[in-house]
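To keep things clear, I will list the structure first and then write my remarks on it.
Each chain gets a letter, A, B and so on, in the order its sequence line appears, and its residues count up from 1.
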Protein chains: 2
Amino acid sequence: MQAGVSQATVSTFLAGNTDLIARETALRIKSAIAELDYTPNRSARTLRTQRSMVVACVVPDITNPFYPALFAAAQATLGAEYDVVAINSGGQRDAEQAVIAAALRGRYDGLLGVFFSCRASDFEDAVKAGVAVVRIEARRKLSGDLAIDDVFVDNRRAARELTDCLLSLGHVRIEMVAAAGGPETVRVDGYREAMQKAGHEVVVHKAKAFTAEGGAQAIRAMLEAGDPPTAILAANDLMAIGAMRALGEAGLSVPGDVSIAGFDDIMPAALAVPQLSTVALHQDELGARAASLLLQRFSGVADGAGRLVEMPFDIVHRASIGPPRQMPHETRIHQRRNST
Amino acid sequence: MQAGVSQATVSTFLAGNTDLIARETALRIKSAIAELDYTPNRSARTLRTQRSMVVACVVPDITNPFYPALFAAAQATLGAEYDVVAINSGGQRDAEQAVIAAALRGRYDGLLGVFFSCRASDFEDAVKAGVAVVRIEARRKLSGDLAIDDVFVDNRRAARELTDCLLSLGHVRIEMVAAAGGPETVRVDGYREAMQKAGHEVVVHKAKAFTAEGGAQAIRAMLEAGDPPTAILAANDLMAIGAMRALGEAGLSVPGDVSIAGFDDIMPAALAVPQLSTVALHQDELGARAASLLLQRFSGVADGAGRLVEMPFDIVHRASIGPPRQMPHETRIHQRRNST
DNA sequence: CTGTTAGCGCTTTCAA
DNA sequence: TTGAAAGCGCTAACAG
C-alpha cells in the first residue's frame, strides 16, 4: 500500500478500531486514503462479510401516493451506506415470496415494507438465516417467536373514531366502501363496531380495487340501487376521491348531500375540492421508524424476539364532511351540546 | 460439485454456452441445480465480473407523483436480475454528483433519471469507465461525443401547443406561473413563443417551488396585485392544483372566471375538481424507453455515441379550461368556426 | 500494534 | 469438451 502499511491494517483502520493502531500509522493511512481517494470495494466486502448493505422496501404499488413517502423516509433513515431497492409486489404472494427468497440468498440484508400476502411463517427461513425483517401493519399482530419487528397503526380504532366523528355530526345512515385484499378488514371492523354500538345499520359496498375508479364504480352502483346514505366512509383516500367524483357527476353535493371521508391522508386528499377528511397515518414516520428498527437489528443493538411498535394516527377533519342536511334542527343542537 | 463436475463447467453452463458442453453433462448439471436449488452468488459474481447488476434511478423527488410511475416502468423493463435503487436527489448538484461518483466506483452499472443540476461533462469519468447513462430530458440536448443516451419530450413545443389551445378558446390574457430550478425554462419559452406570435403580452409569475403551495402563493400574490387574467398556465400540475385552490378561496370559479392548465398529467390532475387540463408526458413510457436503452448498453447492442430519442406528448383537454367569460359573443362564434 | 495467511464464490484463461 | 489454477478486493484469525 501507498502508506507503507498492509492491507489488513487499513482494514482495521477503516473498521474504526483506531485504538489498535499507532497514532502515527493512523495518520499515514488517513492521508494516503485522502490522496488516493480510496473507497473500499463494496462487492469484495460483501463477499467476505456476507452483508450486502442493500435493503428491500416492499410495497404493493409505488404509484399509490401512500408509499413513496414511506420509501423516502426509510431511505433517508438508513443513510447513504445502504442501498434501498423499492419492490412493487402488487400485493401478490409470489412477488412477496420472491423477495424473501432473494434475501435468504444474501441479496438483501433487510426487508422492510407492507406484506399483504405473506404471513410470519413465510419469513421463518430468512429470519433464521439472519435477515432483518420489519413489517408495516394495520393492526397489532403476533409474529410468534420469530425475530420480526412490526410497526403498526391501529386501523380498527382509527376507523371507529372516524365513524364516531361522522356519528357525532348527526349522521345515522353511514355506509362504507371497501375493496378486498388490502388493509380493509380492520377498517371495516372498526366502522362496524362504531355503528353497532350506536345501534345503526351496517352497510358495506364492495369495490373492485383500492383505486379512484374502484370507488367511483361502487358509488355509481350504490346510486342506481336507490336512496344514498348521508355519509360515506371509504377504505382509502383514492376510493374516497373516486366516490366524490361519482357523486358530483350524479348531481349530489359534498358535503351538502353526502359527507365523505377516506383513509391514509395522501397528497391528493388535501388537493381535492372540497378537501377530504381522512385519517393521517403519517407514512413518513412509519418509514423512518421501521428503518430505525432495521438499523438496530443490523447493529446488534436489538436481537431478541420481534418487537411491536404502535404508531399514532390522526383524524383529519376537513371540508368534505358536515352535518346531514335532512336532520331535524333540535337534534343538531343536541349533538352540538354533546360534542362540546 | 454434486453433479461430479467442476465449478468451471457449471459456470460455462450458466453462461449459456451450452454448445461447449456435452449433452449428458448439461443434463446432469441441470438436475443438480434443480435439486440443490442453486443460485449463483451475486457478490462473488460482481467481484469477479465488475458488474454490480444494480441501476440507480435518480429523481428529484420520489414523492412527486410524476416520478413513481417512471421508476416503476424502468424497474419492470430492467427485470428481476437488476436491482433498481431510487435516489432522491432533491435536484441538488452534490446529490447528483454523489450518485455519479458511486457509479464510477462500481456501485451502479447504469444511471437513469432526471438530472436537473449535472451537465454532460459531469458524467465524463463515469461514462468513460463504462457506466451506462440515460437521461430523461425536457428538450433535445447535445451530449457532445459522450456515450450518454437521452430520452426527451419537446416541452417547449408542448407548452406552445397548450398555449395555442388556450388562445383558440379566445383567451388573450394568459399568464404563466413557474418556479426556478426545474424544467420550467423550456416551458416558459414555449408559452412566450406562442404569446408573442399571437401578439399578446407575456406575463410570468414566479413561484417559490414546484409544489401546490408554491402555486397557491403565487396566485394569491397575483390576485392581490390586481385584475387577474382569464387563463393561467402553470409550469406543472402541482402548481396548477394549488392555483385552482387559491382561486377558489378568492371566490373565483374555474373555468368560469379563470381557465387553468398544468403540465405532467399526474394522478391528482385527473382527480381534481374540475379535472385539470394538462400535457401528458407519459412517464411510464419514458421510464420504459430509458430502461431499454440502458439494457442495450449493457448487452453491448449499442455502444457508439449517445443516442437521442424523442417521445411524444399529448395535450389533455379537460374541464378546467373553457372560453373566457368576458368574451364578446361574436368572437366566440368566430373561434368556433376556426376550430372546426 | 502490525503483517501474514487464508479464503468468501465466482469467472476466465489455459492446458489437457 | 472439461478441469486446474489464478485471482477479483476485502476481512478475520492468528502470529509475531
Side-chain angles (χ1 to χ4, degrees), chain A residues 1-33 36-54 81-83 101-109 129-131 298-300, chain B residues 1-33 36-54 81-83 101-109 129-131 298-300:
Chain A
M1 295 282 313
Q2 159 126 0
V5 179
S6 87
Q7 178 84 252
T9 312
V10 176
S11 182
T12 320
F13 174 83
L14 253 32
N17 301 331
T18 332
D19 45 341
L20 289 179
I21 293 180
R23 185 177 302 266
E24 198 200 340
T25 317
L27 251 48
R28 223 148 10 103
I29 295 177
K30 200 168 161 187
S31 71
I33 285 178
L36 300 173
D37 194 21
Y38 169 80
T39 321
N41 179 302
R42 277 196 138 222
S43 33
R45 183 176 273 180
T46 295
L47 179 59
R48 180 65 231 237
T49 61
Q50 310 283 24
R51 303 190 73 196
S52 66
M53 302 301 281
V54 179
E81 281 299 288
Y82 284 92
D83 270 338
L104 180 57
R105 281 190 235 110
R107 185 152 161 185
Y108 308 120
D109 289 343
V131 176
F298 291 153
S299 69
Chain B
M1 297 282 311
Q2 160 127 357
V5 177
S6 86
Q7 179 84 252
T9 313
V10 177
S11 182
T12 319
F13 174 83
L14 253 31
N17 302 331
T18 332
D19 45 342
L20 291 178
I21 293 180
R23 187 176 302 265
E24 198 201 341
T25 317
L27 251 48
R28 224 153 4 107
I29 295 176
K30 201 169 162 188
S31 72
I33 285 177
L36 299 173
D37 194 22
Y38 169 81
T39 321
N41 179 301
R42 276 194 139 223
S43 31
R45 182 175 273 180
T46 295
L47 179 58
R48 183 62 231 238
T49 61
Q50 309 281 29
R51 302 188 74 198
S52 66
M53 301 302 281
V54 179
E81 281 298 288
Y82 284 92
D83 270 338
L104 180 56
R105 280 189 236 111
R107 185 153 161 184
Y108 308 120
D109 289 343
V131 175
F298 291 153
S299 70

Exercise. Check Asn41(B), Asp37(B), Thr39(B) against Arg105(A) for a side-chain contact (heavy atoms from CB on, under 4.5 Å) and give me the one that passes.
Key: Thr39(B)
Quiz item: Residues in side-chain hydrogen bond (donor to acceptor under 3.5 Å, both in side chains) with Thr9(B), at least two apart?
Solution: Ser6(B)
Every protein N/O lying under 3.5 Å from an N/O of nucleotides 14-16 of chain D:
none

Quiz prompt | Gln50(B) side chain, from C-beta outward: closest of dC8(D), dG3(C), dC10(C) | solution = dC8(D)
Quiz prompt | Residue list, side chain to side chain contact (heavy atoms under 4.5 Å, CB included) with Thr49(A), at least two apart or on another chain | solution = Arg45(A), Arg51(A)
Quiz item: Mind checking what makes ring pair (Phe, Tyr, Trp, His ring centres under 6.0 Å) contact with Phe298(B), not counting sequence neighbours?
Solution: Tyr82(B)
Quiz item: What is the distance from atom NZ of Lys30(A) to atom OG1 of Thr18(A), rounded to the nearest 0.5 Å?
Solution: 9.5 Å
Quiz item: Who pairs with Ala22(A) by side chain to side chain contact (heavy atoms under 4.5 Å, CB included), at least two apart in sequence or on another chain?
Solution: Thr25(A)
Quiz item: Can you check the Leu47(B) CG to dT11(D) P distance for me, whole Å?
Solution: 12 Å
Self-check item: Arg45(B) CZ to dG7(D) C1', straight-line distance once rounded to whole Å
Solution: 17 Å
Exercise. Take atom CE of Met53(B) and atom P of dT11(C), then tell me their distance rounded to the nearest Å.
Key: 11 Å
Quiz prompt | Rounded to 10 degrees, the angle between the two terminal axes of the helix from dC1(C)-dG16(D) to dA16(C)-dT1(D), each from five pairs | solution = 40°
Quiz item: Given atom CG of Leu14(B) and atom P of dT11(C), what is their separation to the nearest angstrom?
Solution: 7 Å
Could you go through nucleotides 12-16 of chain C and list every protein N or O atom that sits under 3.5 Å from one of its N or O atoms, giving the distance for each pair?
from	atom 1	to	atom 2	distance (Å)
dT12(C)	O4'	Arg48(B)	NH2	3.4

Exercise. State the CZ-CD1 distance between Arg28(A) and Ile33(A), to the nearest 0.5 angstrom.
Key: 12.5 Å
Quiz item: Does the pair Ile29(B) and Tyr38(B) meet the rule for a side chain to side chain contact (heavy atoms under 4.5 Å, CB included), with working shown?
Solution: CA-CA 10 Å; Ile29(B) 295 176; Tyr38(B) 169 81; over 6 Å; no
Exercise. Could you list the residues that satisfy side-chain hydrogen bond (donor to acceptor under 3.5 Å, both in side chains) with Thr46(B), not counting sequence neighbours?
Key: none
Exercise. Tell me which residues in residues 19-28 of chain B put a heavy atom below 4.0 Å from DNA chain C, sorted by number, or none.
Key: none
Quiz prompt | Distance in angstrom units between Arg42(A) CZ and dT11(D) C1', rounded | solution = 16 Å
Quiz item: Whole-Å distance between dC10(C) P and Asn41(B) CG?
Solution: 5 Å
Quiz item: So which heavy atom on Leu104(A) is nearest to which on Ala129(A), and how close?
Solution: CD1-CB, 3.6 Å
Quiz prompt | side chain to side chain contact (heavy atoms under 4.5 Å, CB included) involving Arg107(B) - partner list, sequence neighbours excluded | solution = Arg42(A), Asp83(A), Ala102(B)
Quiz item: Excluding sequence neighbours, so at least two apart, what forms side chain to side chain contact (heavy atoms under 4.5 Å, CB included) with Asp19(B)?
Solution: Asn17(B)
Self-check item: Separation of dC1(C) P from Ile29(A) CD1 (nearest whole Å)
Solution: 13 Å
Self-check item: Value rounded to 0.5 Å, distance of CG in Leu47(B) from CZ in Arg48(A)
Solution: 12.5 Å
